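Computed from a prediction, not measured in an experiment: that's the story for all the values here. Counting from 1, the numbers follow the sequence of the chain as shown.
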Amino acid sequence: VIGAACLLAVLGATLGFGRCLKILNKGVTGKIVTLVITYFLLGIVIGMDQTKQAQANFIEFLKSKNNGLCNFLITIRIETILTAVIVFIAVMILQLIVVNVLAGLLSIDGAGAKFFNSILGVLLGVAECAALVLIVLEAMYIFGGGAESVNLESLKGSFFGLDNIYLNNPLSAIFRI
């Protein structure tokens, strides 16, 4: 793990923060990041009074149509699905804009900008390694038997407190049911 963190830190320093962000934003990884951000924002957006009112108006509109398709859409909670899709698209667009603006700002030539870009690249590389460790520990928890597993015994007393992270993983709010 320490070796992977060092490797990602060197890669982050070499590529720089802007290029690392662009790489992280592309493909499947970018969609996963977007889904995680959407997951956290969806709870906030659904709790807003404006969203509740818009969803209630949409449900009333569907009820007024009084047909089988509209009743089916109400049953599957189409208002929540539609809200999630809208938030996902908004996050994708915002993520694209922010990444491109940051990458553009950090690609400026100059010793200070390059140094700052490299330092931020190192931090992003280490953060990526930490995220991977959290994902692996959460997968070990879910598929390995939870708190009573052999995995916990092998992690007890580790220097980085991996046993505590294994039991109290921040990702558990997303994956554990």
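Under the 4.5 Å side-chain heavy-atom criterion for ILVMFWY residues, no single connected hydrophobic cluster contains both Leu123 and Leu7. When the side chains of ILVMFWY residues are joined at heavy-atom separations under 4.5 Å, either directly or via intervening members, Leu102 and Val99 end up in a single hydrophobic cluster. When the side chains of ILVMFWY residues are joined at heavy-atom separations under 4.5 Å, either directly or via intervening members, Val122 and Leu15 end up in two distinct hydrophobic clusters. At a threshold of 4.5 Å between side-chain heavy atoms, the hydrophobic network of Ile, Leu, Val, Met, Phe, Trp and Tyr places Val28 and Leu96 in two separate groups. There is no path of hydrophobic side-chain contacts, each under 4.5 Å, that joins Phe115 to Val10.
Each of Val87, Ile86, Val85 was scored for a side-chain contact (heavy atoms from CB on, under 4.5 Å) with Ile89, with one residue passing: Val85.
Closest non-hydrogen pair, Ala5 versus Val126, comes out as O-CG2, 4.3 Å. Nearest approach of Ser118 to Ala13, heavy atoms of both residues: OG-O, 3.3 Å. Between Cys70 and Lys65, the shortest heavy-atom contact is SG-CB, 3.6 Å.
Rounded to the nearest 0.5 Å, atoms CG (Leu35) and CE (Met92) are 10.0 Å apart. Between atom CG of residue Leu8 and atom SG of residue Cys20 there is a gap of 8.5 Å, rounded to the nearest 0.5 Å. A distance of 11.5 Å separates OG1 of Thr51 from CD of Glu79, quoted to the nearest 0.5 Å. Between the CD1 atom in Ile74 and the CD atom in Glu60 there is a gap of 8.5 Å [rounded to 0.5 Å]. One finds the CD1 atom of Ile78 at 9.5 Å from the OG1 atom of Thr83 (value rounded to the nearest 0.5 Å). To the nearest 0.5 Å, the span separating CD on Gln53 from CE on Met48 amounts to 13.0 Å.
Listed for the Asn117 side chain is a donor-acceptor partner under 3.5 Å among the backbone atoms of Phe17.
By the 4.5 Å heavy-atom criterion applied to side chains, Asn25 and Leu21 are not counted as neighbours.
A 6.0 Å sphere centred on CZ of Phe88 holds more than 12 heavy atoms belonging to other residues, nucleotides or ligands.
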